[in-house]
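Inspection log for the structure reproduced underneath, given as structure tokens.
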Amino acid sequence: MRKENKLVKWIMISICALFLFVMLVLPLGYIIYTSLSDGVKSFISSVTDEYTIKAMKLTIITTLWAVGINTVFGLCASWCLTRFDFKGKKVISALIDLPLTISPVIAGLVFLLTYGRQSVLYPLLEKFGISIIFAVPGVIIATIFVTFPYISREIIPVLNSIGTDEEEAAALMGMNGFEIFRKITFPHIRWAFLFGVVLCSARAMGEFGAVSVLSGHLKGLTNTLPLHVEMLYQGYDFTGAFAVSSLLILMAVVILILRNILEKK
Amino acid sequence: MKKLYGVLKAVTCFVFIMCVAVVSSGCSVNKKDYIINVSYDPTRELYENYNSLFEKHWKEKTGESIEIIQSHGGSGKQALEVANGLEADVVTLALEQDIQAIADAGMIDDGFTDEFPDESAPYTSTIVFLVRSGNPKNISDWGDILKDDVGVITPNPKTSGGARWNYLAAWYYFESQGQSEDEIIESMRKLYENVLVLDSGARASTTSFVENGQGDVLIAWENEAFLSMLEYPGEYEVVVPSTSILCQPTVAVVDEMVKKHGTENVAEEYLDYLYSDEAQKLEAENYYRPVNKDIAEKYVIQEDERVIKEVPEDGRWMVNDIELTDIEHFGGWKETTRKHFGDNGFFDRIYE
């Protein structure tokens, strides 16, 4: 009996390890290997290429916007949903999760139809000289859309579990809303919140589908890193594509490490 | 009540940030020291070279610096994005019909094919085959790719301009063999039964064939085929069929957008300069057929050869001994699109 258990254990472990190796380690390792196959010099020149740097800047800017706005939205939403009772609460709660289940391409198309040239809103935007679609705001909006559940989804369970007792006590003692949030609520949700931020930035950096629909693929203008990788790949620059990919992988690994640190807290 | 106040504050904050975001990025777009060229898939290398040539030319001519921003993708998809508000100053697409779609959206004035010489097509191309080295399946003409054991790669004519030219070139071959319409459809069905991957754009098809090793023959733009040979010396051969089609990638200024951006002059000059001797040479060096006959002459291959095993060192790559049909033969793009590529058109019947 004991022996059998051990056998099962080892079979399970090797299936797991094999799966991870085939699905993850091998391809990722291969990418890094290919990106270095033309020598470190060409790796560095692809990574420091003018358009790569522009794409990286845009990716970082987009991520910052997405995280910033989703932070505000995430805190508001989770506060509303856990501290107030109102009609349609369930609906809002479900709507927040929508981006997780909806295909990013559809998300992109929705914005394209809403703010694109064929939309009724377009003349209005035109009048104020605002361009959203096929410009940086479009990229940012698409990214915000696909990432907005991440922060609130992390906070809501924590807020639910701590209940409202402490906050009510603080309110009775005369604290105002902001003080309650800062001194009572936030310390409880701090780690969950940071965890959400980390997940949100990881998703924002890697977003491809929705951004691809809304960016117009303007080289050096609206190309984010994932789009830049695709462009390099289709331009026969495989070393470049893999070099930029490994850059993205590196950013992902950093985020993974951050996540593990936070998870322990 | 106080809690609600906090929430309200946060919401105001959020709205404010959103406004700043949209306005600030919106404004930066309006400052114009660049123009946007929305092009189709295989022109990446051509326009990379041409843009630096043009930037130099513009600097010499006006003393101003200009930057050209490129966008590439399947021709039909690119046209749709422009019609949806992608702020292209010029479009250099795979076929007239795609530009017509932008004109139909009211962004390009009618008569764009008369705006520049040669029906606004500064360079032309044709459709050829790219096969693996040694031509293992012995492909020399359109008839050979109908054989059962031949895997064909061509993009989807619904989304790709190049694919439409491929389709029409094949159609013309069967027609020139004296086949009736039903027979042609049968032949075409056989051809598309052999298609292994129907990608959305010409470049994606090339990647499927070259990088992923799919199929025995790639039906491709001539320039795309030569480019693959250049990238992978000794691995591929170009086979020029006996008949093909004269592809005229049309260029146009997007009138609505240049008015908005104040870039009429530079956009006009950008397309006009494509006809200059320097640019025509550059196009020929990138394996497009320049419309300037004198310049084209210098790139015509010397020997009587239909299979090109490596990129000729003397730069003479152009096989002129092909019977080329053109879109007029099919009754123009409007008619062709309706008849062949529209809903329930011939292509829908061929590829089910």
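Sequence lines set the chain letters: A, B, ... in the order given, protein chains first and strands last, and positions in each chain run from 1.
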**Q.** Side chain / backbone / both / neither for A/F238 at chain B, heavy atoms under 4.5 Å
**A.** side chain
For [X], does the [atom1] atom sit with more than 12 other heavy atoms under 6.0 Å from it, leaving out its own atoms?
X      : atom1 : value
B/D110 : CG    : no
B/Y232 : OH    : yes
B/E310 : CD    : no
A/K89  : NZ    : yes

(Q) Tell me whether A/E126 is salt-bridged to B/K259, with the criterion being a basic N under 4.0 Å from an acidic carboxylate O. (A) no
**Q.** A/K219 side chain reached by B/R44 side chain, heavy atoms, under 4.5 Å
**A.** no
Q) Given a strict heavy-atom distance threshold of 4.5 Å, which part of B/A83 is in contact with chain A: side chain, backbone, both, or neither? A)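 Backbone plus side chain of B/A83, per the 4.5 Å heavy-atom cut-off to chain A.
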Q) At a heavy-atom separation under 4.5 Å, does B/E231 approach chain A through its side chain, its backbone, both, or neither? A)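 Side chain of B/E231 only, per the 4.5 Å heavy-atom cut-off to chain A.
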Give me the atom names and distance for the closest heavy-atom approach of [X] to [Y].
X      : Y      : value
A/G216 : B/S71  : O-OG, 2.7 Å
A/Q118 : B/N84  : OE1-OD1, 2.7 Å
B/E45  : A/G235 : OE2-O, 4.1 Å

Show me the donor-acceptor pairs within less than 3.5 Å that the side chains of residues 132-148 of chain A make with the rest of the protein, sequence neighbours left out.
| residue | atom | partner | partner atom | Å |
| --- | --- | --- | --- | --- |
| A/T143 | OG1 | A/V139 | O | 2.7 |
| A/T147 | OG1 | A/N70 | ND2 | 2.7 |
| A/T147 | OG1 | A/T143 | O | 2.7 |
| A/T147 | OG1 | A/I144 | O | 3.3 |

Q | Selection from B/G85, B/G73, B/S228 maximising heavy-atom pairs under 4.5 Å formed with chain A | A |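 When all of B/G85, B/G73, B/S228 are compared, B/G85 has the most.
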Q | N/O donor-acceptor pair under 3.5 Å between A/R117 side chain and B/A105 backbone | A | yes
Q | residues 224-234 of chain A: residues contacting chain B (heavy atom under 4.5 Å, by number) | A |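 Residues in range: A/M231, A/Y233, A/Q234.
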